[in-house]
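Take a look at the structure below.
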Amino acid sequence: MKFFMGGDLSLTGTGLVILNEEKEVVFAKTLHNDLKGVKRLIYIRDYIHDVLGDCAGDITYACIEDYINRNSAFNPGRSFSIGELGGVVRVLLHE
């Protein structure tokens with residue numbers, strides 16, 4: 001069976017949805033965390049890896065929402081952190 005994944009990456013609330021080929025939602029959840037730095041990146045990466053589980057080889061298409069910088073005026077370093085998360089998740093999906 002083919003699966004399709006959508007991700008809304010966030011440092012504090014990453015959302016994932018997986019649909020099957022009949023367009024039925026087989027998984028939908030937002031992961032919340034209060035972690036910082038590398039521990040947060042590893043936690044989110046491992047969460048996504050676990051969610052993909054048995055269907056990882058059958059993910060036909062994965063979409064990740066593009067970056068937004070609305071908080072960068074208040075916290076310029078946040079843009080770099082979300083970019084790091086995006087890179088980590090993209091590597092995971094490629095692997």
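FYI, the numbering just counts along the sequence from 1.
The hydrophobic cluster containing I48 also contains Y43, counting ILVMFWY residues as joined when their side-chain heavy atoms lie under 4.5 angstrom apart, directly or transitively. A continuous path of ILVMFWY side-chain contacts below 4.5 Å connects L41 to I64, so both sit in one hydrophobic cluster. Both L16 and V26 sit in one connected hydrophobic cluster of ILVMFWY residues. Membership requires side-chain heavy atoms under 4.5 Å apart, directly or through other members. Cluster membership check: I42 does not share its hydrophobic cluster with I82, using side-chain heavy-atom separations under 4.5 Å among Ile, Leu, Val, Met, Phe, Trp and Tyr.
Applying the side-chain hydrogen bond (donor to acceptor under 3.5 Å, both in side chains) test to E24 and every residue at least two apart in sequence or in another chain returns N20. For N33, there are no side-chain hydrogen bond (donor to acceptor under 3.5 Å, both in side chains) partners at least two apart in sequence or on another chain. The side-chain hydrogen bond (donor to acceptor under 3.5 Å, both in side chains) check on R45 picks up nothing, with sequence neighbours excluded.
In this structure, CZ on F27 lies 9.0 Å from CG on L52, to the nearest 0.5 angstrom. We find the CG-OH distance between L19 and Y61 to be 13.0 Å, quoted to the nearest 0.5 Å. Rounding to the nearest 0.5 Å places NE2 of H32 at 13.5 Å from CG of L11. Between T14 atom OG1 and E65 atom CD the span is 11.0 Å, to the nearest 0.5 Å.
Scanning both residues, D58 and M1, for their nearest heavy atoms gives CB-O, 3.1 Å. Across all non-hydrogen atoms, the minimal contact from E21 to F4 is CA-CE1, 4.0 Å.
Counting heavy atoms from C-beta outward, M5 and L93 have side chains that approach closer than 4.5 Å. Proximity of D8 to V17: side-chain heavy atoms (C-beta onward) are nowhere separated by under 4.5 Å. Side-chain contact between L31 and V51 is absent, with no heavy atoms from C-beta onward closer than 4.5 Å. Between V88 and I44, every side-chain heavy-atom pair lies at or beyond the 4.5 Å cut-off.
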